[in-house]
**Student:** 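Below are the structure tokens for one structure; questions will follow.
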Amino acid sequence: MDHQTSGGRFFTVTLLNIIITLFELIGGLLSGSLALLSDAFHNFGDAFSVILSYVANRIGKRSPNAANTYGYRRIEILTALLNSVLLIAVSIFLLVEAIRRLIHPQNVAGGIMFWVAIISFLANTLATLLLNRDSKHNLNIRATYLHLLSDALASIGVIISASLIFFFKVNWIDPLMTLLVSGYIIYESLPIVRQTFVILMEGAPEIDFKQVEHDLLQIPHVKGVHHCHAWQIDENQIVVSLHLNLEDLPLSQTEKIYAQVEKILKTKYQIAHVTIQAECDRGKGEKLFLTGQADHQ
């Protein structure tokens with residue numbers, strides 16, 4: 001993703017969210033609408049989220065060095081986790097407040113609420129469209145995109161609520177819409193929390209390791225595969241290390257086998273980096289993964 005293009009988009013989205021936040025905060029206080037105030041809180045969180053995502057995106061593009069030999073890509077995973085957790089926390093707070101409003105309804109000025117929601121919806125939709133493309137390939141930007149999408153959906157809910165309040169005086173629809181939108185935001189955020197947590201815990205990616213073992217054993221002179229480890233640097237980069245039992249071969253021949261292994265893992269399983277340790281009899285017959293014992297490299 002190009003730095004200048006992303007920087008321009010991030011700046012525009014941040015500016016839009018700051019304006020929307022102030023606009024909705026004033027509109028929410030004047031109208032007494034919890035849905036508008038909740039949307040204002042979400043937009044304030046979005047502005048913070050966008051800034052955080054942009055900084056993480058820039059840091060994540062730094063080249064590997066002696067201090068971080070795999071680079072800085074994982075900072076975007078940390079940011080995605082932080083953004084999602086903050087969004088869930090705000091949504092839970094609003095759920096509690098919405099329940100309180102359902103028990104003790106308050107009068108809401110539907111007219112003010114309606115026009116503020118219309119303007120907020122247009123601004124939120126524009127902000128969402130600006131990050132739509134990049135959200136498909138980056139967890140960090142996807143977390144921010146979900147912030148923006150949730151606010152666009154919340155604005156639709158507020159528009160509907162304002163219309164019902166204005167024409168039918170059903171004030172309880174305001175906290176009810178807050179409940180629905182907050183519940184949806186939590187539902188959408190939890191998968192990101194789970195995925196980022198798996199990556200940070202260096203959980204294994206979804207790969208058919210038995211098939212990997214089968215494919216490698218088809219290479220001439222390969223007699224065994226064991227001590228396999230696989231993890232993700234971020235949502236796009238998979239790293240694998242493994243031990244191979246080979247026939248007693250010269251180093252020049254071993255390097256050719258390494259090249260075949262790397263080609264299979266990179267082309268068939270999209271593994272970005274492979275570390276291979278060749279052995280003759282050491283570890284022969286052991287399982288692909290170590291279980292309940294130390295790795296004796």
Side-chain angles (χ1 to χ4, degrees), residues 1-15 46-86 130-148 191-207 209 212 227-244 251 254-278 295 297:
M1 185 169 52
D2 181 72
H3 279 195
Q4 291 185 340
T5 302
S6 295
R9 289 178 184 173
F10 275 120
F11 176 78
T12 304
V13 169
T14 303
L15 186 61
D46 290 348
F48 175 74
S49 171
V50 171
I51 294 170
L52 201 61
S53 293
Y54 177 64
V55 172
N57 185 257
R58 292 297 297 266
I59 294 174
K61 292 180 183 297
R62 292 180 180 176
S63 300
N65 53 39
N68 292 276
T69 57
Y70 278 118
Y72 293 81
R73 296 294 297 273
R74 191 158 281 188
I75 193 171
E76 295 199 71
I77 303 302
L78 284 168
T79 303
L81 178 61
L82 176 61
N83 277 335
S84 298
V85 169
L86 287 175
L130 286 171
L131 292 185
N132 178 58
R133 184 185 65 185
D134 294 330
S135 71
K136 296 179 175 63
H137 311 290
N138 186 296
L139 263 183
N140 172 37
I141 297 177
R142 178 164 175 74
T144 302
Y145 170 79
L146 281 176
H147 273 267
L148 302 173
I192 293 181
V193 172
R194 179 186 175 278
Q195 188 176 357
T196 54
F197 186 75
V198 168
I199 292 173
L200 292 173
M201 287 296 294
E202 297 191 344
E206 295 183 359
I207 295 176
F209 291 103
V212 170
H227 293 197
C228 179
H229 299 276
W231 66 99
Q232 291 178 273
I233 300 301
D234 56 24
E235 72 274 25
N236 298 315
Q237 293 191 63
I238 300 174
V239 176
V240 167
S241 68
L242 52 84
H243 294 203
L244 291 179
L251 182 60
T254 302
E255 287 183 348
K256 293 178 181 179
I257 295 174
Y258 277 15
Q260 293 180 67
V261 171
E262 290 174 350
K263 183 178 180 180
I264 290 172
L265 295 179
K266 289 182 179 181
T267 58
K268 186 173 181 179
Y269 299 99
Q270 289 74 55
I271 293 170
H273 181 79
V274 184
T275 301
I276 305 168
Q277 179 171 319
D295 190 348
Q297 290 192 23

**Student:** What do the steps show when you test I238 against Y269 for side chain to side chain contact (heavy atoms under 4.5 Å, CB included), and what is the final call?
**Tutor:** CA-CA 9 Å; I238 300 174; Y269 299 99; over 6 Å; no
**Student:** Can you tell me how far the OG1 atom of T267 sits from the CD atom of E262, to the nearest 0.5 Å?
**Tutor:**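 Interatomic distance, T267 OG1 to E262 CD, rounded to 0.5 Å: 11.0 Å.
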**Student:** Quick one: side-chain contact (heavy atoms from CB on, under 4.5 Å) partners of E202, sequence neighbours excluded?
**Tutor:**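 Listed in chain order: R74, W231.
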**Student:** What is the distance from atom CZ of R194 to atom CD1 of I199, rounded to the nearest 0.5 Å?
**Tutor:**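 Between atom CZ of R194 and atom CD1 of I199 there are 10.5 Å.
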**Student:** Could you tell me which residues satisfy side-chain hydrogen bond (donor to acceptor under 3.5 Å, both in side chains) with K268, sequence neighbours excluded, listed by chain and number?
**Tutor:**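 For K268, the residues satisfying side-chain hydrogen bond (donor to acceptor under 3.5 Å, both in side chains) (neighbours in sequence not counted) are D215.
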**Student:** Which value, rounded to the nearest 0.5 Å, describes the distance between T275 atom OG1 and H243 atom NE2?
**Tutor:**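 One finds 9.5 Å between OG1 of T275 and NE2 of H243.
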**Student:** From I271 CD1 over to Q232 CD, what is the distance, rounded to the nearest 0.5 angstrom?
**Tutor:**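 The CD atom of Q232 is 10.5 Å from CD1 of I271, to the nearest 0.5 Å.
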**Student:** Output all residues satisfying side-chain contact (heavy atoms from CB on, under 4.5 Å) with S63, sequence neighbours left out; order by chain, then residue number.
**Tutor:**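 Scan of S63 (side-chain contact (heavy atoms from CB on, under 4.5 Å), adjacent residues dropped) gives none.
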**Student:** Do you know the tightest heavy-atom contact between C228 and V240?
**Tutor:**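 Closest approach of C228 to V240: SG-CG1, 4.3 Å.
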**Student:** Partners of Q237 by side-chain contact (heavy atoms from CB on, under 4.5 Å), sequence neighbours excluded?
**Tutor:**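 R73, I233, D234, A272.
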**Student:** Taking side-chain contact (heavy atoms from CB on, under 4.5 Å) as the test, write out the residues that go with Y258, two or more places apart.
**Tutor:**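 In terms of side-chain contact (heavy atoms from CB on, under 4.5 Å), with neighbours along the sequence ignored, Y258 is linked to T254, I276, A278.
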**Student:** What distance separates F197 CZ from L81 CG, expressed to the nearest 0.5 Å?
**Tutor:**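 The distance works out to 8.5 Å.
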**Student:** Mind checking ring pair (Phe, Tyr, Trp, His ring centres under 6.0 Å) for F209 and listing every partner two or more places apart, or none if nothing turns up?
**Tutor:**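 So F209 forms a ring pair (Phe, Tyr, Trp, His ring centres under 6.0 Å) with F289.
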**Student:** Which pair of heavy atoms, one from N65 and one from Y72, lies closest together, and at what distance?
**Tutor:**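 So the minimum-distance heavy-atom pair works out to ND2-OH, 3.0 Å.
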**Student:** Roughly how far, to the nearest 0.5 Å, is the CD1 atom of I75 from the CG atom of N68?
**Tutor:**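 Those atoms lie 9.5 Å apart.
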